[in-house]
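Everything on this sheet refers to the single structure shown next.
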Amino acid sequence: NAGVTQTPKFRVLKTGQSMTLLCAQDMNHEYMYWYRQDPGMGLRLIHYSVGEGTTAKGEVPDGYNVSRLKKQNFLLGLESAAPSQTSVYFCASTPDIQETQYFGPGTRLLVL
Amino acid sequence: AQSVTQLDSQVPVFEEAPVELRCNYSSSVSVYLFWYVQYPNQGLQLLLKYLSGSTLVKGINGFEAEFNKSQTSFHLRKPSVHISDTAEYFCAVKKGGSYIPTFGRGTSLIVHP
């Protein structure tokens with residue numbers, strides 16, 4: 001069981017470039033989440049999914065899009081990167097809303 | 001909307017001393033409560049959780065937390081800390097029936113030798 005994996009681990013982008021972050025989980029979890037973590041701000045929810053084919057906006061969705069075409073994968077896209085999107089991005093999944101979230105190792109993104 | 005307040009952004013402590021990390025939340029309705037730990041350059045891992053039942057919850061690595069409904073608090077404690085406990089600690093609250101947990105801003109525990 002690999003748990004929750006994230007690809008890539010680190011990326012540098014120039015302003016205006018696009019990219020996709022991949023989150024994969026092998027635990028058959030229904031719910032998946034994308035967060036960003038910035039110093040002193042804790043974790044802020046970007047988007048989440050309550051099942052295959054569904055997505056919903058979180059607290060800070062602007063500038064991001066997501067897709068969940070397969071139950072095990074949750075993709076986060078940046079269409080036109082901005083320096084304000086420099087952050088560490090975490091993906092998480094959970095089998096049930098009462099249960100703990102399982103986190104990936106994070107993707108460090110630097111936008112120049 | 002639910003809010004979570006971690007009262008200390010940083011807690012320095014000497015090794016083998018006791019520690020308490022404080023967490024208060026806004027809602028008194030049915031909630032699920034979690035403490036997570038984040039070691040440097042890693043994702044978050046669950047320390048312990050409260051869903052129902054006994055208000056004293058024991059977790060991994062000798063940590064425990066007490067759910068206090070009247071004070072809407074869920075403080076994390078450890079009687080004797082180790083250097084290896086140096087990490088960021090996050091309190092999270094999920095309202096019953098909600099898909100989305102609310103995280104506090106984190107408390108940095110720094111254990112000095």
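Quantities reported herein were computed from a predicted structural model and do not represent experimental measurements. Quick note on labels: first sequence line is chain A, next is B, and so on, each numbered from 1. Heavy atoms only: backbone and side chains are in, while hydrogens, waters and symmetry mates are out.
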Measure [X] against the heavy atoms of chain A and call it side chain, backbone, both or neither at under 4.5 Å.
X	value
B:Ser98	backbone
B:Gln45	neither
B:Leu44	both

Full working for side-chain contact (heavy atoms from CB on, under 4.5 Å) between A:Leu45 and B:Phe103: CA-CA 9 Å; A:Leu45 182 66; B:Phe103 284 84; over 6 Å; no
Do [X] and [Y] land in one hydrophobic cluster if side-chain heavy atoms of ILVMFWY residues count as linked below 4.5 Å?
X	Y	value
A:Val88	A:Tyr35	yes
B:Leu48	B:Leu56	no
A:Leu13	A:Leu21	yes
A:Leu76	A:Leu43	no
A:Phe10	A:Val111	no

Does [X] [atom1] have over 12 foreign heavy atoms under 6.0 Å away?
X	atom1	result
B:Lys49	NZ	yes
A:Glu79	CD	no
B:Glu16	CD	no

Scored by heavy-atom pairs under 4.5 Å with chain A, the best of B:Phe34, B:Tyr32, B:Phe90, B:Tyr99 is B:Tyr99
Stepwise side-chain contact (heavy atoms from CB on, under 4.5 Å) test for B:Gln38 and A:Phe90: CA-CA 12 Å; B:Gln38 184 182 31; A:Phe90 288 99; 3.2 Å; yes
Tell me, for [X] versus chain B, whether the close heavy atoms (under 4.5 Å) come from the side chain, the backbone, both or neither.
X	value
A:Glu59	neither
A:Glu99	both
A:Tyr102	neither
A:Arg108	side chain

To the closest 0.5 Å, what do you measure between OH (A:Tyr31) and CD1 (B:Ile100)? 12.0 Å
Any side-chain heavy-atom pair of B:Gln42 and A:Pro105 under 4.5 Å: no
On a heavy-atom basis, which atom in A:Gly40 and which in B:Arg105 lie closest, and how many Å separate them? O-CD, 3.2 Å
Work out which heavy atom in A:Thr100 is nearest to a heavy atom in B:Tyr36; give both atom names and the distance. OG1-OH, 3.0 Å
Give every donor-acceptor pair under 3.5 Å between a side-chain atom in residues 5-13 of chain B and any protein atom, sequence neighbours left out.
residue	atom	partner	partner atom	Å
B:Gln6	OE1	B:Cys91	N	3.0
B:Gln6	OE1	B:Gly106	N	3.0
B:Gln6	NE2	B:Tyr89	O	2.9
B:Gln6	NE2	B:Thr107	OG1	3.2
B:Asp8	OD1	B:Arg22	NH2	3.1
B:Asp8	OD2	B:Arg22	NE	3.2
B:Asp8	OD2	B:Arg22	NH2	3.3

I need the full list of ring-ring contact (aromatic ring centres under 6.0 Å, His included) pairs touching residues 39-58 of chain B, with sequence neighbours left out, sorted by first then second residue. B:Tyr50-B:Phe67
Under 4.5 Å, counting heavy-atom pairs only, tell me which of A:Met41, A:Gln6, A:Gln101, A:Arg44 racks up the most with chain B. A:Gln101
